[in-house]
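One structure is given below, encoded as C-alpha coordinates.
Residue numbers count from 1 along this sequence. If you're wondering where the values come from, they're calculated on a predicted model, not measured in any experiment.
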Amino acid sequence: LRLPSLLAGLALPGCTMLLARRLGLGSVGVVFAVATVTLAPQFIHYSAAVKPYGLDALVALLVVFVAVPAVVTGTGLRQLAVGGSIALLFSTPSAFVLANVGVAGVCNALARRDRRECLRWGGVGALWAAIFGFLYLALFRDVATSGFMRRFWSATFLGLDTRSMVLVRNWLVEGFSGRTGELVFPGYGALLVVAVVAASLISTVRRPVNFAALTLGPILVVALASGAHRYPFADRLLLFTIPLIGIAVAGGVEALVWRHPKLVFRPLALALTVLVVGRGMAITLGHPEAIMWREDLGPLLKDPPFRAARGEPVYVFPAALPAWLIYSEEGPRSRARYRYFARLSDSLGPPAGNAPSRGRPVDGEGESLVFTDAGRRILLGVPSGYEGVYRPQWSPTYATDQSWGDNEARRIVHESGGGCSWLVFSHYKPFELDSLDAALSRRGRRLDRRQDGRGAEVRRYCQ
(Lines give C-alpha, C1' and ligand atoms only; values in the text may rest on other atoms or scores of the structure.)
Protein backbone atom coordinates (compact mmCIF):
# COMPACT_ATOMS: atom_id res chain seq x y z
CA LEU A 1 0.00 0.00 0.00
CA ARG A 2 2.90 2.35 0.67
CA LEU A 3 4.81 1.53 -2.51
CA PRO A 4 3.21 4.25 -4.72
CA SER A 5 3.98 6.88 -2.07
CA LEU A 6 7.55 5.64 -1.72
CA LEU A 7 8.19 5.63 -5.47
CA ALA A 8 6.69 9.11 -5.80
CA GLY A 9 8.89 10.38 -2.98
CA LEU A 10 12.01 8.93 -4.58
CA ALA A 11 11.14 10.44 -7.97
CA LEU A 12 10.30 13.95 -6.74
CA PRO A 13 13.85 15.39 -6.49
CA GLY A 14 14.83 14.12 -9.95
CA CYS A 15 11.65 15.40 -11.58
CA THR A 16 12.07 18.76 -9.85
CA MET A 17 15.59 19.00 -11.29
CA LEU A 18 14.38 18.16 -14.81
CA LEU A 19 11.56 20.71 -14.71
CA ALA A 20 13.79 23.43 -13.26
CA ARG A 21 16.26 22.89 -16.10
CA ARG A 22 13.50 22.87 -18.72
CA LEU A 23 12.24 26.18 -17.35
CA GLY A 24 15.70 27.67 -17.78
CA LEU A 25 17.19 27.70 -14.28
CA GLY A 26 20.94 27.50 -13.88
CA SER A 27 22.90 25.39 -11.44
CA VAL A 28 22.16 27.64 -8.43
CA GLY A 29 18.41 27.64 -9.07
CA VAL A 30 18.30 23.91 -9.75
CA VAL A 31 20.12 23.08 -6.51
CA PHE A 32 17.80 25.37 -4.53
CA ALA A 33 14.65 23.92 -6.11
CA VAL A 34 15.76 20.34 -5.50
CA ALA A 35 16.68 21.19 -1.90
CA THR A 36 13.16 22.50 -1.17
CA VAL A 37 11.74 19.10 -2.08
CA THR A 38 14.50 16.83 -0.79
CA LEU A 39 14.71 18.42 2.66
CA ALA A 40 11.03 19.24 3.22
CA PRO A 41 9.77 17.09 6.15
CA GLN A 42 6.26 16.78 4.72
CA PHE A 43 7.47 15.15 1.50
CA ILE A 44 9.54 12.68 3.50
CA HIS A 45 6.56 11.92 5.72
CA TYR A 46 4.14 11.33 2.85
CA SER A 47 6.64 9.13 1.02
CA ALA A 48 6.10 6.59 3.83
CA ALA A 49 2.36 7.10 4.41
CA VAL A 50 -0.64 5.61 2.62
CA LYS A 51 -1.67 9.06 1.42
CA PRO A 52 -1.77 10.53 -2.11
CA TYR A 53 -0.15 13.89 -1.44
CA GLY A 54 3.37 12.99 -2.58
CA LEU A 55 1.95 11.40 -5.73
CA ASP A 56 -0.07 14.56 -6.37
CA ALA A 57 3.14 16.61 -6.29
CA LEU A 58 4.89 14.25 -8.68
CA VAL A 59 1.99 14.32 -11.15
CA ALA A 60 1.94 18.13 -11.03
CA LEU A 61 5.64 18.26 -11.92
CA LEU A 62 5.22 15.81 -14.78
CA VAL A 63 2.23 17.69 -16.20
CA VAL A 64 4.11 20.99 -16.22
CA PHE A 65 7.20 19.30 -17.67
CA VAL A 66 5.19 17.97 -20.62
CA ALA A 67 3.30 21.26 -20.93
CA VAL A 68 6.30 23.57 -21.33
CA PRO A 69 6.85 23.09 -25.09
CA ALA A 70 3.10 23.02 -25.76
CA VAL A 71 2.56 26.31 -23.95
CA VAL A 72 5.67 28.13 -25.18
CA THR A 73 5.82 27.00 -28.83
CA GLY A 74 2.58 25.11 -29.43
CA THR A 75 4.39 21.81 -30.10
CA GLY A 76 3.68 18.53 -28.35
CA LEU A 77 0.03 19.34 -27.68
CA ARG A 78 -1.05 15.80 -28.50
CA GLN A 79 1.34 14.32 -25.96
CA LEU A 80 0.07 16.83 -23.40
CA ALA A 81 -3.53 15.87 -24.10
CA VAL A 82 -2.78 12.22 -23.45
CA GLY A 83 -0.57 12.93 -20.43
CA GLY A 84 -3.15 15.26 -18.88
CA SER A 85 -5.88 12.66 -19.32
CA ILE A 86 -3.76 10.08 -17.52
CA ALA A 87 -2.89 12.59 -14.80
CA LEU A 88 -6.57 13.09 -13.96
CA LEU A 89 -6.89 9.36 -13.31
CA PHE A 90 -4.07 9.39 -10.74
CA SER A 91 -4.40 12.79 -9.09
CA THR A 92 -7.47 14.91 -8.39
CA PRO A 93 -5.50 18.18 -7.87
CA SER A 94 -3.99 17.77 -11.34
CA ALA A 95 -7.23 19.39 -12.54
CA PHE A 96 -5.95 22.72 -11.18
CA VAL A 97 -2.60 22.30 -12.91
CA LEU A 98 -4.27 21.39 -16.19
CA ALA A 99 -6.69 24.33 -15.94
CA ASN A 100 -3.74 26.67 -15.50
CA VAL A 101 -1.83 25.04 -18.36
CA GLY A 102 -4.86 25.40 -20.62
CA VAL A 103 -5.28 29.10 -19.85
CA ALA A 104 -1.55 29.72 -20.37
CA GLY A 105 -1.62 27.82 -23.66
CA VAL A 106 -4.61 29.76 -25.02
CA CYS A 107 -3.07 33.09 -23.98
CA ASN A 108 0.16 32.23 -25.80
CA ALA A 109 -1.76 31.14 -28.91
CA LEU A 110 -3.71 34.39 -28.87
CA ALA A 111 -0.47 36.35 -28.52
CA ARG A 112 0.83 34.57 -31.62
CA ARG A 113 -2.56 35.13 -33.34
CA ASP A 114 -2.70 31.45 -34.18
CA ARG A 115 -6.42 30.68 -34.48
CA ARG A 116 -5.84 27.03 -35.31
CA GLU A 117 -3.78 26.51 -32.17
CA CYS A 118 -6.52 28.14 -30.09
CA LEU A 119 -9.01 25.61 -31.48
CA ARG A 120 -6.63 22.75 -30.68
CA TRP A 121 -6.31 23.99 -27.11
CA GLY A 122 -10.09 24.18 -26.92
CA GLY A 123 -10.36 20.56 -28.00
CA VAL A 124 -7.78 19.45 -25.43
CA GLY A 125 -9.58 21.39 -22.72
CA ALA A 126 -12.89 19.79 -23.69
CA LEU A 127 -11.29 16.34 -23.43
CA TRP A 128 -9.94 17.06 -19.97
CA ALA A 129 -13.26 18.55 -18.85
CA ALA A 130 -15.13 15.46 -20.05
CA ILE A 131 -12.80 13.11 -18.17
CA PHE A 132 -12.97 15.20 -15.00
CA GLY A 133 -16.77 15.42 -15.30
CA PHE A 134 -17.04 11.65 -15.53
CA LEU A 135 -14.74 11.17 -12.54
CA TYR A 136 -16.69 13.77 -10.57
CA LEU A 137 -20.03 12.07 -11.20
CA ALA A 138 -18.63 8.60 -10.56
CA LEU A 139 -16.34 9.23 -7.59
CA PHE A 140 -16.25 12.76 -6.19
CA ARG A 141 -19.80 14.10 -6.19
CA ASP A 142 -20.91 12.47 -2.94
CA VAL A 143 -17.89 13.83 -1.10
CA ALA A 144 -18.08 17.28 -2.73
CA THR A 145 -21.76 17.69 -1.83
CA SER A 146 -21.59 16.05 1.60
CA GLY A 147 -22.82 18.38 4.33
CA PHE A 148 -20.47 16.74 6.80
CA MET A 149 -17.41 17.24 4.59
CA ARG A 150 -18.35 20.85 3.90
CA ARG A 151 -18.63 21.44 7.64
CA PHE A 152 -15.30 19.67 8.19
CA TRP A 153 -13.48 21.98 5.75
CA SER A 154 -15.58 25.08 6.46
CA ALA A 155 -12.69 26.95 8.12
CA THR A 156 -10.36 26.47 5.13
CA PHE A 157 -12.11 28.49 2.44
CA LEU A 158 -10.31 31.71 1.60
CA GLY A 159 -11.84 35.10 2.21
CA LEU A 160 -10.81 38.64 3.04
CA ASP A 161 -10.00 38.07 6.71
CA THR A 162 -7.16 37.27 9.08
CA ARG A 163 -8.09 33.57 9.09
CA SER A 164 -7.15 33.42 5.41
CA MET A 165 -3.76 34.91 6.23
CA VAL A 166 -3.26 32.09 8.73
CA LEU A 167 -4.19 29.55 6.04
CA VAL A 168 -1.60 31.00 3.65
CA ARG A 169 1.04 31.00 6.37
CA ASN A 170 0.25 27.39 7.30
CA TRP A 171 0.43 26.30 3.65
CA LEU A 172 3.96 27.64 3.17
CA VAL A 173 5.30 26.68 6.60
CA GLU A 174 3.92 23.13 6.32
CA GLY A 175 5.12 22.76 2.76
CA PHE A 176 8.68 24.01 3.14
CA SER A 177 9.65 23.47 6.75
CA GLY A 178 7.31 21.21 8.70
CA ARG A 179 4.62 21.50 11.34
CA THR A 180 3.21 24.96 12.12
CA GLY A 181 2.96 24.16 15.83
CA GLU A 182 6.75 24.23 16.24
CA LEU A 183 7.78 27.59 14.76
CA VAL A 184 11.39 28.51 15.39
CA PHE A 185 10.64 32.09 16.52
CA PRO A 186 7.61 34.43 16.66
CA GLY A 187 6.81 35.83 13.26
CA TYR A 188 8.68 33.10 11.38
CA GLY A 189 5.60 32.13 9.37
CA ALA A 190 4.86 35.72 8.33
CA LEU A 191 8.51 36.29 7.41
CA LEU A 192 8.50 33.11 5.32
CA VAL A 193 5.42 34.31 3.42
CA VAL A 194 7.09 37.65 2.71
CA ALA A 195 10.28 35.91 1.56
CA VAL A 196 8.46 33.54 -0.78
CA VAL A 197 6.34 36.32 -2.29
CA ALA A 198 9.37 38.60 -2.73
CA ALA A 199 11.49 35.90 -4.36
CA SER A 200 8.61 34.92 -6.64
CA LEU A 201 8.11 38.54 -7.73
CA ILE A 202 11.82 38.90 -8.46
CA SER A 203 11.68 35.70 -10.47
CA THR A 204 8.61 36.95 -12.37
CA VAL A 205 10.32 40.20 -13.30
CA ARG A 206 13.61 38.62 -14.32
CA ARG A 207 12.23 35.69 -16.32
CA PRO A 208 9.78 35.12 -19.21
CA VAL A 209 6.11 35.38 -18.33
CA ASN A 210 5.57 31.66 -19.02
CA PHE A 211 7.93 30.79 -16.15
CA ALA A 212 5.66 32.57 -13.68
CA ALA A 213 2.48 31.31 -15.32
CA LEU A 214 3.48 27.65 -15.06
CA THR A 215 4.96 27.76 -11.56
CA LEU A 216 2.66 30.23 -9.77
CA GLY A 217 -0.50 29.76 -11.79
CA PRO A 218 -1.78 26.56 -10.13
CA ILE A 219 -1.93 28.10 -6.64
CA LEU A 220 -3.85 31.06 -8.04
CA VAL A 221 -6.39 28.68 -9.57
CA VAL A 222 -6.70 26.89 -6.21
CA ALA A 223 -7.16 30.24 -4.45
CA LEU A 224 -10.04 31.11 -6.80
CA ALA A 225 -11.65 27.70 -6.19
CA SER A 226 -11.23 28.10 -2.44
CA GLY A 227 -12.72 31.58 -2.52
CA ALA A 228 -15.74 30.06 -4.26
CA HIS A 229 -15.94 27.39 -1.49
CA ARG A 230 -15.11 24.59 -3.92
CA TYR A 231 -11.71 23.44 -2.59
CA PRO A 232 -10.12 23.66 0.87
CA PHE A 233 -7.02 25.82 1.23
CA ALA A 234 -5.45 23.32 3.62
CA ASP A 235 -1.73 22.58 3.84
CA ARG A 236 -1.61 18.89 2.92
CA LEU A 237 -4.16 19.31 0.10
CA LEU A 238 -1.88 21.99 -1.39
CA LEU A 239 1.37 20.05 -1.09
CA PHE A 240 1.31 19.48 -4.85
CA THR A 241 2.02 23.20 -5.38
CA ILE A 242 5.16 23.32 -3.23
CA PRO A 243 7.69 21.98 -5.81
CA LEU A 244 6.38 24.50 -8.34
CA ILE A 245 6.54 27.34 -5.80
CA GLY A 246 10.04 26.16 -4.89
CA ILE A 247 11.11 26.50 -8.53
CA ALA A 248 9.63 30.02 -8.66
CA VAL A 249 11.51 31.01 -5.49
CA ALA A 250 14.65 29.41 -6.91
CA GLY A 251 14.40 31.73 -9.88
CA GLY A 252 14.39 34.70 -7.52
CA VAL A 253 17.34 33.39 -5.51
CA GLU A 254 19.31 32.78 -8.70
CA ALA A 255 18.58 36.33 -9.88
CA LEU A 256 19.88 37.74 -6.59
CA VAL A 257 23.05 35.64 -6.73
CA TRP A 258 24.05 36.82 -10.20
CA ARG A 259 22.93 40.44 -9.88
CA HIS A 260 25.40 43.29 -9.24
CA PRO A 261 26.71 44.50 -6.89
CA LYS A 262 27.17 41.02 -5.53
CA LEU A 263 28.06 42.16 -2.01
CA VAL A 264 24.56 43.60 -1.62
CA PHE A 265 22.38 40.92 -3.17
CA ARG A 266 24.12 37.66 -2.31
CA PRO A 267 23.45 38.01 1.43
CA LEU A 268 19.77 38.43 0.55
CA ALA A 269 19.91 35.21 -1.44
CA LEU A 270 21.53 33.47 1.52
CA ALA A 271 18.86 34.81 3.89
CA LEU A 272 16.12 33.55 1.56
CA THR A 273 17.74 30.15 1.41
CA VAL A 274 17.97 29.89 5.20
CA LEU A 275 14.34 30.95 5.63
CA VAL A 276 12.89 28.60 3.02
CA VAL A 277 15.16 25.58 3.36
CA GLY A 278 16.94 25.94 6.70
CA ARG A 279 14.28 24.80 9.14
CA GLY A 280 13.24 21.83 7.02
CA MET A 281 16.90 20.81 6.69
CA ALA A 282 17.41 21.11 10.46
CA ILE A 283 14.42 18.84 11.16
CA THR A 284 15.23 16.33 8.43
CA LEU A 285 18.90 15.95 9.31
CA GLY A 286 18.78 16.63 13.05
CA HIS A 287 15.46 15.13 14.15
CA PRO A 288 14.30 12.63 11.52
CA GLU A 289 12.14 10.85 14.12
CA ALA A 290 9.96 13.99 14.35
CA ILE A 291 8.95 13.67 10.70
CA MET A 292 6.98 10.46 11.05
CA TRP A 293 3.70 10.40 12.96
CA ARG A 294 4.57 7.20 14.74
CA GLU A 295 2.16 4.95 16.54
CA ASP A 296 3.88 3.17 19.41
CA LEU A 297 1.05 0.79 20.34
CA GLY A 298 3.10 -2.29 19.42
CA PRO A 299 5.68 -1.93 22.24
CA LEU A 300 2.93 -1.04 24.72
CA LEU A 301 1.09 -4.29 24.03
CA LYS A 302 4.32 -6.18 24.84
CA ASP A 303 4.40 -4.70 28.34
CA PRO A 304 4.74 -7.72 30.71
CA PRO A 305 1.88 -6.74 33.08
CA PHE A 306 -0.46 -6.38 30.11
CA ARG A 307 0.55 -9.70 28.60
CA ALA A 308 0.25 -11.44 31.98
CA ALA A 309 -3.29 -10.18 32.67
CA ARG A 310 -5.02 -12.31 30.05
CA GLY A 311 -8.08 -12.86 32.22
CA GLU A 312 -8.86 -9.13 32.35
CA PRO A 313 -11.04 -7.58 29.60
CA VAL A 314 -9.58 -5.09 27.14
CA TYR A 315 -11.49 -2.09 25.80
CA VAL A 316 -10.25 -1.20 22.30
CA PHE A 317 -11.02 2.33 21.14
CA PRO A 318 -12.59 2.01 17.65
CA ALA A 319 -9.86 3.97 15.87
CA ALA A 320 -7.27 1.68 17.51
CA LEU A 321 -8.76 -1.47 15.98
CA PRO A 322 -6.37 -1.70 12.96
CA ALA A 323 -3.33 -1.31 15.21
CA TRP A 324 -4.75 -3.81 17.71
CA LEU A 325 -5.27 -6.40 14.97
CA ILE A 326 -1.66 -6.08 13.81
CA TYR A 327 0.20 -5.76 17.11
CA SER A 328 -1.82 -8.21 19.21
CA GLU A 329 -1.38 -11.08 16.76
CA GLU A 330 1.20 -13.55 17.99
CA GLY A 331 0.90 -16.35 15.43
CA PRO A 332 0.54 -16.34 11.64
CA ARG A 333 -1.61 -13.54 10.31
CA SER A 334 -5.21 -14.53 9.74
CA ARG A 335 -6.98 -12.85 6.84
CA ALA A 336 -10.28 -14.23 8.07
CA ARG A 337 -9.76 -12.37 11.36
CA TYR A 338 -9.03 -9.11 9.53
CA ARG A 339 -12.07 -9.52 7.28
CA TYR A 340 -14.32 -10.24 10.25
CA PHE A 341 -13.30 -7.12 12.14
CA ALA A 342 -13.37 -5.00 8.98
CA ARG A 343 -17.03 -5.96 8.45
CA LEU A 344 -17.70 -5.31 12.11
CA SER A 345 -16.17 -1.85 12.07
CA ASP A 346 -18.06 -0.98 8.88
CA SER A 347 -21.30 -1.67 10.73
CA LEU A 348 -20.44 1.14 13.16
CA GLY A 349 -20.11 3.75 10.43
CA PRO A 350 -16.69 5.41 10.11
CA PRO A 351 -15.29 4.63 13.57
CA ALA A 352 -11.69 5.41 12.68
CA GLY A 353 -12.32 9.14 12.73
CA ASN A 354 -14.05 12.03 10.95
CA ALA A 355 -17.39 10.50 11.95
CA PRO A 356 -20.38 12.83 12.00
CA SER A 357 -22.13 13.18 15.34
CA ARG A 358 -25.19 10.99 15.78
CA GLY A 359 -26.96 13.94 17.33
CA ARG A 360 -28.39 11.90 20.18
CA PRO A 361 -27.25 10.11 23.34
CA VAL A 362 -25.47 6.80 22.78
CA ASP A 363 -26.98 4.93 25.77
CA GLY A 364 -27.10 1.19 25.13
CA GLU A 365 -24.88 1.20 22.05
CA GLY A 366 -22.21 -1.46 21.79
CA GLU A 367 -23.90 -4.07 23.98
CA SER A 368 -23.09 -6.83 21.51
CA LEU A 369 -19.54 -5.67 20.71
CA VAL A 370 -17.84 -8.15 23.06
CA PHE A 371 -15.58 -10.84 21.57
CA THR A 372 -12.75 -13.20 22.30
CA ASP A 373 -9.72 -12.20 20.23
CA ALA A 374 -6.00 -12.98 20.58
CA GLY A 375 -6.81 -14.89 23.75
CA ARG A 376 -8.40 -11.85 25.39
CA ARG A 377 -11.94 -10.71 26.13
CA ILE A 378 -12.35 -7.64 23.89
CA LEU A 379 -14.85 -4.79 24.12
CA LEU A 380 -14.85 -2.87 20.86
CA GLY A 381 -15.66 0.79 21.47
CA VAL A 382 -18.23 2.78 19.57
CA PRO A 383 -17.35 6.14 17.95
CA SER A 384 -17.28 9.05 20.35
CA GLY A 385 -19.42 11.24 18.11
CA TYR A 386 -16.78 13.94 17.95
CA GLU A 387 -17.47 15.62 14.64
CA GLY A 388 -14.09 16.66 13.36
CA VAL A 389 -13.68 20.10 11.83
CA TYR A 390 -10.38 21.07 10.22
CA ARG A 391 -9.05 24.05 12.14
CA PRO A 392 -6.09 26.25 11.16
CA GLN A 393 -5.22 26.45 14.86
CA TRP A 394 -5.97 23.36 16.97
CA SER A 395 -7.63 23.44 20.38
CA PRO A 396 -8.11 20.37 22.63
CA THR A 397 -11.41 21.47 24.18
CA TYR A 398 -14.01 19.87 21.90
CA ALA A 399 -16.68 17.51 23.21
CA THR A 400 -17.88 13.99 22.46
CA ASP A 401 -21.51 12.98 22.02
CA GLN A 402 -23.63 13.42 25.13
CA SER A 403 -23.25 10.43 27.51
CA TRP A 404 -20.70 8.64 25.27
CA GLY A 405 -18.16 8.36 28.10
CA ASP A 406 -20.77 7.15 30.59
CA ASN A 407 -22.04 4.53 28.17
CA GLU A 408 -18.56 3.15 27.47
CA ALA A 409 -17.65 3.21 31.18
CA ARG A 410 -20.81 1.27 32.00
CA ARG A 411 -19.85 -1.39 29.42
CA ILE A 412 -16.32 -1.68 30.81
CA VAL A 413 -17.45 -1.94 34.45
CA HIS A 414 -20.12 -4.51 33.56
CA GLU A 415 -17.63 -6.72 31.73
CA SER A 416 -14.89 -6.51 34.36
CA GLY A 417 -17.20 -7.01 37.36
CA GLY A 418 -15.18 -6.41 40.51
CA GLY A 419 -11.83 -6.88 38.76
CA CYS A 420 -9.59 -4.76 36.59
CA SER A 421 -9.82 -3.81 32.93
CA TRP A 422 -7.51 -2.36 30.27
CA LEU A 423 -8.00 0.49 27.81
CA VAL A 424 -6.17 0.50 24.46
CA PHE A 425 -6.17 3.86 22.64
CA SER A 426 -4.54 5.08 19.44
CA HIS A 427 -5.50 7.69 16.83
CA TYR A 428 -7.55 9.51 19.44
CA LYS A 429 -8.13 13.07 20.57
CA PRO A 430 -7.06 13.79 24.17
CA PHE A 431 -10.54 14.87 25.22
CA GLU A 432 -11.95 11.50 24.13
CA LEU A 433 -9.72 9.62 26.55
CA ASP A 434 -10.32 12.28 29.22
CA SER A 435 -14.10 11.85 28.89
CA LEU A 436 -13.86 8.09 29.42
CA ASP A 437 -11.39 8.50 32.28
CA ALA A 438 -13.79 10.86 34.09
CA ALA A 439 -16.73 8.50 33.55
CA LEU A 440 -14.76 5.54 34.98
CA SER A 441 -13.77 7.64 37.98
CA ARG A 442 -17.42 8.43 38.66
CA ARG A 443 -18.07 4.69 38.72
CA GLY A 444 -15.41 4.07 41.34
CA ARG A 445 -12.58 2.97 39.06
CA ARG A 446 -9.06 4.22 39.68
CA LEU A 447 -6.10 4.36 37.32
CA ASP A 448 -3.75 1.53 38.32
CA ARG A 449 -1.22 1.53 35.46
CA ARG A 450 -0.48 3.80 32.53
CA GLN A 451 1.84 3.24 29.56
CA ASP A 452 2.28 6.09 27.07
CA GLY A 453 3.76 6.07 23.61
CA ARG A 454 3.69 8.38 20.61
CA GLY A 455 0.14 8.32 19.32
CA ALA A 456 -0.98 5.50 21.66
CA GLU A 457 -1.75 4.75 25.28
CA VAL A 458 -2.58 1.67 27.36
CA ARG A 459 -4.21 2.02 30.79
CA ARG A 460 -5.37 -0.34 33.53
CA TYR A 461 -8.28 0.57 35.80
CA CYS A 462 -9.22 -1.26 38.99
CA GLN A 463 -11.91 -0.91 41.58
field: Side-chain donor or acceptor of Ser203 paired with backbone N/O of Ala199 under 3.5 Å
entry: no
task: Examine distances only and state if a side-chain atom of Thr215 and a backbone atom of Ala248 form a donor-acceptor pair shorter than 3.5 Å.
output: no
- request: Side-chain contact test, heavy atoms from C-beta onward, threshold under 4.5 Å: evaluate it for Leu19 versus Val68 and give yes or no.
  value: yes
field: Ser146 side chain vs Asp142 backbone, donor-acceptor pair below 3.5 Å
entry: no
- request: Measure from the side-chain N and O atoms of Ser154 to the backbone N and O of Arg151, and report whether any donor-acceptor pair falls under 3.5 Å.
  value: yes
task: Mark yes when over 12 heavy atoms from residues, nucleotides or ligands other than Arg2 sit less than 6.0 Å from its CZ; otherwise mark no.
output: no
task: Start with the C-alpha distance between Phe233 and Val168, add both sets of side-chain angles, then the distance that settles side-chain contact (heavy atoms from CB on, under 4.5 Å), and finish with yes or no.
output: CA-CA 8 Å; Phe233 203 92; Val168 172; 4.1 Å; yes
- request: Report yes or no: does Ser5 contribute a side-chain atom to a donor-acceptor pair with the main-chain N or O of Lys51 at less than 3.5 Å?
  value: yes
field: Over 12 foreign heavy atoms within 6.0 Å of CZ, Arg21
entry: no
- prompt: Under 30°, 30 to 60°, or over 60°: which ring-plane class applies to Phe306 and Trp422, parallel, tilted or perpendicular?
  reply: perpendicular
message: By the definition side-chain contact (heavy atoms from CB on, under 4.5 Å), identify the one residue from Asp437, Leu436, Val314 that meets it with Leu423.
response: Leu436
query: Is the side chain of Ser47 donor-acceptor paired with the backbone N or O of Ile44 at a distance under 3.5 Å, no angle test?
result: yes
- prompt: Is it the case that more than 12 heavy atoms not belonging to Arg141 sit under 6.0 Å from its CZ atom?
  reply: no
- prompt: Is a donor on one side and an acceptor on the other found under 3.5 Å between the side chain of Tyr428 and the backbone of Pro318?
  reply: no
- prompt: Would you call Glu457 and Arg450 a salt bridge, taking side-chain N to carboxylate O under 4.0 Å as the test?
  reply: yes
Under 3.5 Å: donor-acceptor pair, side chain of Trp404, backbone of Val382: yes
query: Is the side chain of Ser328 donor-acceptor paired with the backbone N or O of Trp324 at a distance under 3.5 Å, no angle test?
result: yes
message: Which residue is it: Phe132, Tyr231, Trp128? I am looking for the one with a ring pair (Phe, Tyr, Trp, His ring centres under 6.0 Å) to Phe96.
response: Tyr231
query: Is there a donor-acceptor pair closer than 3.5 Å between any side-chain N or O of Arg22 and the backbone N or O of Val64?
result: no
message: Between Phe65 and Cys15, is there a side-chain heavy-atom distance shorter than 4.5 Å?
response: no
task: Could you check whether the rings of Phe425 and Phe317 sit parallel, tilted or perpendicular, using 30° and 60° as the cut-offs?
output: parallel
Evaluation steps, side-chain contact (heavy atoms from CB on, under 4.5 Å), between Phe32 and Val249: CA-CA 9 Å; Phe32 183 95; Val249 174; 3.6 Å; yes
